[in-house]
There are 2 protein chains.
Amino acid sequence: MKPLFHPAIEDVTVEGILYALSDPVRSAIYADIAGSQCSMNCSNFLNISEKPVPKSTLSQHFKALREAGLIRSERRGVEMQNTSRCDEIAARFPGLLPAIRQALNLQTEGHARAVRASRRRLAARKAKNR
Amino acid sequence: MKPLFHPAIEDVTVEGILYALSDPVRSAIYADIAGSQCSMNCSNFLNISEKPVPKSTLSQHFKALREAGLIRSERRGVEMQNTSRCDEIAARFPGLLPAIRQALNLQTEGHARAVRASRRRLAARKAKNR
DNA sequence: TTCAATAGTTCCGAAGATATGAACTATTGA
DNA sequence: TCAATAGTTCATATCTTCGGAACTATTGAA
């Protein structure tokens with residue numbers, strides 16, 4: 001197998017990072033990898049979205065994250081070990097990734113809150129109509 | 001003319017912001033608009049890049065920034081007045097835009113430094129071969 | 001009012017990017 | 001050696017983006 005391409009940290013661009021994280025599937029994958037101490041393999045993410053993501057698509061998403069410089073992928077036996085390169089990126093662009101992560105967290109919290117509120121409204125309406 | 005669409009601030013997404021700013025022309029436009037007190041019209045940006053950007057393309061870029069929630073565009077006489085919505089976004093996603101702006105600044109500084117160093121090397125080589 | 005100038009938008013075809021099923025490669029373990 | 005597992009690559013259908021040409025809105029001058 002061809003060795004996978006990883007850019008040198010000085011070739012990593014802000015635009016590349018923003019683009020890689022501008023896809024909901026990729027930002028979810030990245031959040032998982034960056035948030036967990038241990039490394040992750042691709043198959044962990046087949047059900048990351050509402051509908052399952054095909055593995056060829058998943059492979060392309062990992063490639064995009066890799067080529068943006070966000071993750072490092074190394075073969076470990078039969079599967080891939082994916083780790084975040086956030087320390088390197090923090091040295092080059094301090095504060096960028098934490099700010100994005102925080103914003104993504106706020107957004108999912110806000111979304112969860114909206115879903116809960118909508119469930120409450122629905123339940124109230126049902127109770128009223130009983 | 002149809003009134004231009006601007007999303008409500010609660011419909012603005014992190015992914016949308018990242019995507020809008022992941023294009024070098026758009027991030028340059030946004031940096032200019034956010035960095036200046038006064039409003040900007042589109043024609044200011046025809047020469048924002050190395051090669052001039054056609055106005056139809058520029059119009060699409062403004063649309064992308066608008067629909068991501070980053071700017072507000074209003075007609076002021078014959079031209080458009082573009083202003084940043086960064087205050088609204090700061091209330092929803094605190095710290096996100098400043099972090100991105102800082103990273104983009106670091107990157108252009110780094111690039112300028114690399115260009116200067118390369119010019120110095122070139123000059124040194126010329127002097128040596130004189 | 002009419003016309004020209006200015007500033008942008010919209011339309012549309014070409015070129016480029018993305019998603020995904022199918023086929024392929026690499027590794028492990030039986 | 002073979003099957004199972006994990007992921008990549010390929011081919012192609014689909015979606016996006018770019019940019020020239022045509023169109024729209026506004027202003028100011030004749």
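Numbers restart at 1 for each chain; the letters A, B, ... are given by sequence-line order, proteins then strands. Reckoned from all heavy atoms, side chains included, excluding hydrogens, waters and symmetry mates.
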Undergrad: Which whole-number value in Å describes the distance from B:Leu46 CG to C:dA7 P?
TA: 9 Å

Undergrad: Can you work out whether B:Phe62 or A:Val78 has the more 5'-proximal nearest nucleotide on DNA chain C?
TA: B:Phe62

Undergrad: Within this structure, what is the CG-to-P distance between A:Asn41 and D:dT8, rounded to whole angstrom?
TA: 11 Å

Undergrad: How is the hydrophobic cluster of A:Val78 composed, in terms of its other members, when Ile, Leu, Val, Met, Phe, Trp and Tyr link through side-chain heavy atoms under 4.5 Å apart, directly or indirectly?
TA: none

Undergrad: Could you tell me whether the side chain of A:Asp32 reaches within less than 4.5 Å of the side chain of A:Asn44, counting heavy atoms only?
TA: no

Undergrad: Can you check whether A:Val53 reaches A:Leu46 side chain to side chain, under 4.5 Å on heavy atoms?
TA: no

Undergrad: With a 4.5 Å heavy-atom cut-off, do A:Ile17 and A:Ile89 have their side chains touching?
TA: yes

Undergrad: Starting at CE of B:Met80 and ending at C1' of C:dT9, how long is that distance when rounded to a whole Å?
TA: 9 Å

Undergrad: Please report, rounded to the nearest Å, how far the P atom of D:dT8 is from the NZ atom of A:Lys63.
TA: 10 Å

Undergrad: Given atom CZ of B:Phe5 and atom C1' of C:dT10, what is their separation to the nearest angstrom?
TA: 18 Å

Undergrad: In the structure shown, which nucleotide is the Watson-Crick or G-U wobble counterpart of D:dT1, with both distances under 3.5 Å?
TA: C:dA30

Undergrad: Mind checking the OG-NZ spacing from B:Ser73 to B:Lys63? Nearest 0.5 Å is all I need.
TA: 12.0 Å

Undergrad: Quick check on C:dG8: is either OP1 or OP2 less than 4.0 Å from any side-chain nitrogen or oxygen of B:Arg66?
TA: no

Undergrad: Is the shortest side-chain N/O distance from B:Ser59 to OP1 or OP2 of C:dT9 below 4.0 Å?
TA: yes

Undergrad: Looking at A:Arg76, does any N or O in its side chain come under 4.0 Å of the phosphate oxygens OP1/OP2 on D:dT5?
TA: no

Undergrad: Within the 4.0 Å limit for protein heavy atoms, which parts of nucleotides 15-22 of chain D are touched? Write it as a string from 5' to 3', B for base, S for sugar-phosphate only, - for none.
TA: --SSBBB-

Undergrad: Report the base-pairing partner of D:dT9 (Watson-Crick or G-U wobble, both distances below 3.5 angstrom), or none.
TA: C:dA22

Undergrad: What is the distance, to the nearest angstrom, from the CD atom on A:Glu74 to the C1' atom on C:dA26?
TA: 16 Å

Undergrad: Measure the distance from CG on A:Leu58 to P on C:dT20 and round it to the nearest whole Å.
TA: 11 Å

Undergrad: Please tell me if the side chains of B:Val25 and B:Phe45 come closer than 4.5 Å, counting only heavy atoms from C-beta onward.
TA: no

Undergrad: Considering only heavy atoms from C-beta outward, does the side chain of A:Phe62 approach that of A:Ile33 to under 4.5 Å?
TA: yes

Undergrad: Rounded to whole Å, please give me the gap between CZ in B:Arg75 and C1' in D:dT26.
TA: 6 Å

Undergrad: Is any side-chain heavy atom of B:Leu106 less than 4.5 Å from a side-chain heavy atom of A:Val14?
TA: no

Undergrad: Set out, line by line, the N/O atom pairs under 3.5 Å between protein and nucleotides 28-30 of chain D.
TA:
none

Undergrad: When you measure from the side chain of B:Arg66 to the backbone of B:Leu4, do you find a donor-acceptor pair of N or O atoms at a distance under 3.5 Å?
TA: no

